[in-house]
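Treat the numbers as computed from the prediction; the structure is a model and nothing was measured. In what follows, chains are A, B, ... by sequence order, proteins preceding strands, each numbered from 1.
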Amino acid sequence: MHASALSKKLIPWQQKKGRHDLPWQQDPTPYRVWVSEIMLQQTQVETVKAYYLRFMQHLPRLQDLAASSEETVLQLWTGLGYYARARHLHRAAQIITDQWGGVIPADLEMLMALPGIGRSTAGAILSLGMKKSAVILDGNVKRVLSRVYAIAAWPGDSKIEQQLWALAHTHTPKTNAPIYNQALMDLGATVCTRRSPQCSVCPLRTICLAYRQQQQAHIPYPKPKRTLPLVEGFMLVLWHEKNNAVLLEKRPAPGIWGGLWCFPECRAPGLSLSADLPKNTRYIATKAALHHTFSHYRWHIRPVIVRATHLTLPKTCQQPNVIWYPLDGTIPLALAAVVRKFLKISIPVDNAAQE
DNA sequence: CATACGTGGAA
DNA sequence: TTTCCAAGTAT
């Protein structure tokens, strides 16, 4: 297949049928493209939109991000998941400010040296944000190339991924690379979808080997499945009724919910939590387990409800990473989504009643 | 190279 | 309800 075969078909298609109204496509500066690319890692476009708009409203420029606190960035990220992305983004902004005078480098290796930016994201920033010719290989591109070349394998396999990178390099044009890259992602998102691809309207159907072989529904192969381990545990819900506050603990990074505020967690012996409680608390109940599935394990967590009469801290929790969190929301904190859900369901928050 | 890292939507 | 997985990177 000729190296320009894809770009010749995709560039006109993008201009006619591609997406042009995504929030990060308006005023696509390097900073705006960078933030969008980080948010879009392993996260669907529809989910990202609202987070992106809110983020840009609060931190419209690189210097705003660099000058903000990690807590602020995590608050804006709460609910999106993969919170290392937010911590890395924040750290990278400070590196760019301190070392390069606030200018995002237009260089692949320099971009990749920044936390949170890998090869594909660096290519996207160079291409979409700086209008340079650079190669991307995200999930969409992997799927499109796998089908065009009828690569009957799982794209995550390192050998296959190498092959896909080589193909991606071959087909990326010197001119109009930004449009070409956007076309690949638009095609993957709207036509060459994982399930039920719309081959009848695909600009590549005449050259797509998977289509020629009628294998588009079977290519690429799915990720090999494995049984997720079950992790069981308890979380301490220490509630001060008079002040309407709960005890929260800032989670360490790295780790799940790193940097976010959660209920203190305990793995095996649920009662050791209450055994360490101060005198002026009263055990209420251990509730039914909440079920939560992460990408790599299932989690059954049983809330241990304890009432506190004083705003003192349990002995095991007397650290600077512990706080009494007022449920009226007067103190904005970055809470994990599962914690927000629990608070909403289980503890009456008198906000809507007053409106 | 394998695993850790979130969440919500779709089927 | 269960399963899959979406604009990946770090370690």
- Task: Identify, between K159(A) and G81(A), the residue whose nearest nucleotide on DNA chain B lies closer to the 5' end.
- Result: K159(A)

- Item | Distance, C1' atom - from dG8(B) to dT1(C), rounded to whole angstrom | 16 Å

Give every donor-acceptor pair under 3.5 Å between a side-chain atom in residues 100-116 of chain A and any protein atom, sequence neighbours left out.
{"unit_1": "D107(A)", "atom_1": "OD2", "unit_2": "E109(A)", "atom_2": "N", "d": "3.1"}
{"unit_1": "D107(A)", "atom_1": "OD2", "unit_2": "M110(A)", "atom_2": "N", "d": "2.8"}

- Item | Contact list for residues 150-163 of chain A, test side chain to side chain donor-acceptor pair (under 3.5 Å), sequence neighbours left out | none

- Kindly state each residue pair satisfying salt bridge (charged side-chain N to carboxylate O under 4.0 Å, His left out) with at least one member in residues 183-199 of chain A, sequence neighbours excluded. R19(A)-D186(A)

- Item | C1' atoms of dA6(C) and dG6(B), separation to the nearest Å | 12 Å

- Query: Taking atom C1' in both dA7(C) and dA11(B), what distance in whole Å separates the two?
  - Reply: 22 Å

- Query: Do other residues, nucleotides or ligands put more than 12 heavy atoms under 6.0 Å from R302(A) CZ?
  - Reply: yes

- Any pair with a residue in residues 32-68 of chain A that passes ring-ring contact (aromatic ring centres under 6.0 Å, His included), sequence neighbours left out, goes on the list, sorted by first then second residue, please. W24(A)-Y52(A)

- Item | Letter per nucleotide, 5' to 3', of nucleotides 3-11 of chain C [B base touched, S only sugar-phosphate touched, - untouched; heavy atoms, 4.0 Å] | -SSBBBSS-

- Message: For chain A and DNA chain B, what are the first and last nucleotides along the strand, 5' to 3', with at least one atom under 4.0 angstrom from a heavy atom of the protein chain?
- Response: dC1(B) to dA11(B)

- With sequence neighbours excluded, give me every ring-ring contact (aromatic ring centres under 6.0 Å, His included) pair touching residues 193-231 of chain A. none

- Message: Test: ring-ring contact (aromatic ring centres under 6.0 Å, His included). Region: residues 171-198 of chain A. Which pairs qualify, not counting sequence neighbours?
- Response: Y149(A)-H171(A)

- Message: Tell me every residue that passes side-chain contact (heavy atoms from CB on, under 4.5 Å) with S68(A), counting only those two or more places apart in sequence or in another chain.
- Response: L59(A), L65(A), T72(A), V73(A), H90(A)

- Task: Determine the interatomic distance between C1' on dC1(B) and the same-named atom on dA10(C); round to the nearest Å.
- Result: 13 Å

